[in-house]
Amino acid sequence: MRQVCIYSVVILLGVATPSSALDKTLRIYCMDANGGGMTLIVTPLGESILIDTGDAWPDHRYVERILHACADANVVEIDHLVTSHGHADHSGGIEELVNRLPVRRFYDNGNSGTRDAAYLEATQGKSLAMRPGDDIPLAQDTMLDRMQLHCLASNLKVEGFDGDIHAPIDGLASEGTSSGLNARGAIFLLTYGSFTYYASADITFNVERHMVYPVNRIGHVDLYLVSHHGLGDSNNPLLLDAVQPTVALASNGPGKGITPEIFERLMAVPSLEAIYQIAYNKSYGAEGNAPFDYIANRPGQTGNWIKATVYPDEGIFEMEVSRRGVPIRAYAIKPLFVPKPDPVPGGGRQR
Ligand SMILES: [Zn+2]
């Protein structure tokens with residue numbers, strides 16, 4: 001982890017968008033939901049995916065932030081709305097969102113904790129339950145690298161593993177036995193060419209084991225969404241070792257994550273070049289926070305997003321916080337060798 005040395009990253013000021021006829025950039029906006037989840041993904045073809053809608057409280061202000069990011073990305077409707085799980089900090093905003101923006105398709109983890117009466121009304125009962133191994137259908141273009149949004153885990157099932165999530169595994173640590181809503185979250189891997197983004201939601205320690213053991217089904221991750229806002233019971237060292245993230249991004253809040261324990265765990269990951277945070281956590285000092293330039297919302301600030309832009313031809317992705325005057329930092333896309341998973345009856349992930 002080299003974040004403390006600011007000069008170890010390439011700093012590009014005033015970088016222009018590549019001037020090819022076809023815009024190949026992929027954009028990912030991680031928005032401020034005060035410690036909730038809201039991520040907007042916009043593909044080069046303009047297809048939009050929103051993963052989670054933040055909380056309804058207070059005053060639907062988080063939906064306003066989604067609309068702001070949509071305006072920045074020229075998005076006028078959501079093509080795919082994914083609800084990872086039923087906690088209010090991830091699903092509470094859906095009622096207001098559908099009032100404000102057309103949504104074409106809905107997806108969730110198929111769990112009754114997600115599909116409460118308000119959710120069923122907002123989705124008009126048309127939400128599709130994602131199972132591990134499923135892909136959300138995304139438009140492709142022969143001029144572009146393949147775009148895939150792949151479900152790794154959902155509702156206590158993991159691709160390639162059908163057993164008891166909490167059963168002890170020889171030689172591996174386990175933590176907790178909760179089968180609550182976090183553990184049931186729908187977790188995705190977005191790949192665009194060799195770029196990978198891991199959308200963790202609030203997935204828990206024991207579920208994380210099965211995504212990388214005995215087969216690493218994720219491979220290397222360029223951009224790692226810190227699970228559960230950087231709180232405990234998540235971000236299993238086994239998974240971090242396996243995916244070797246380049247950049248970690250925490251959708252935390254001023255009073256919610258990253259805990260110093262998780263921060264220290266992330267800092268210890270050798271591949272990690274930077275941790276970005278949505279908010280400065282006022283409970284901790286430097287031991288639990290990234291440098292200010294990597295934080296979208298300093299004390300007293302709200303509503304700023306962190307945006308990742310992927311340039312496949314240049315082999316880089318850029319991280320940008322939405323406050324003015326903060327340098328955009330570029331990181332190399334680093335595909336690593338990924339052993340092929342063992343054949344799984346019914347079709348395992350092949351990449
Ligand atoms: Zn959460």
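First listed ligand is number 1; within each ligand, the first listed atom is number 1. The residues of the chain are indexed from 1 along the displayed sequence. No hydrogens, no waters, no symmetry mates; every other heavy atom, side chains included, goes into these values.
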> Around the Zn ion (ligand 1), what protein N, O or S atoms are found below 2.8 Å?
Replying inline: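 As for protein N, O or S atoms lying under 2.8 Å from the Zn ion (ligand 1), they are Asp89 OD2, His90 NE2, Asp202 OD2, His229 NE2.
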>> The criterion is salt bridge (charged side-chain N to carboxylate O under 4.0 Å, His left out); which residues satisfy it with Asp241, sequence neighbours excluded?
In response: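 For Asp241, no residue satisfies salt bridge (charged side-chain N to carboxylate O under 4.0 Å, His left out) once neighbours in sequence are set aside.
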> Taking only residues two or more places apart in sequence, or in another chain, which ones meet Asp89 in a salt bridge (charged side-chain N to carboxylate O under 4.0 Å, His left out)?
Replying inline: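 Lys256.
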> What's the shortest heavy-atom distance between Glu159 and Pro132, and which atoms?
Replying inline: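 Taking every non-hydrogen atom into account, N-CB, 3.3 Å.
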>> Suppose we screen for ring pair (Phe, Tyr, Trp, His ring centres under 6.0 Å). Which residues come up paired with Phe195, at least two apart in sequence or across chains?
In response: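 Partners of Phe195 under the ring pair (Phe, Tyr, Trp, His ring centres under 6.0 Å) test: Phe317.
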> Just how far is it from atom CG of Leu152 to atom NE2 of His210, taken to the nearest 0.5 Å?
Replying inline: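 One finds 14.0 Å between CG of Leu152 and NE2 of His210.
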> What orientation do His85 and His90 show, parallel under 30°, tilted 30 to 60°, or perpendicular over 60°?
Replying inline: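 Plane angle between 30° and 60°, so tilted.
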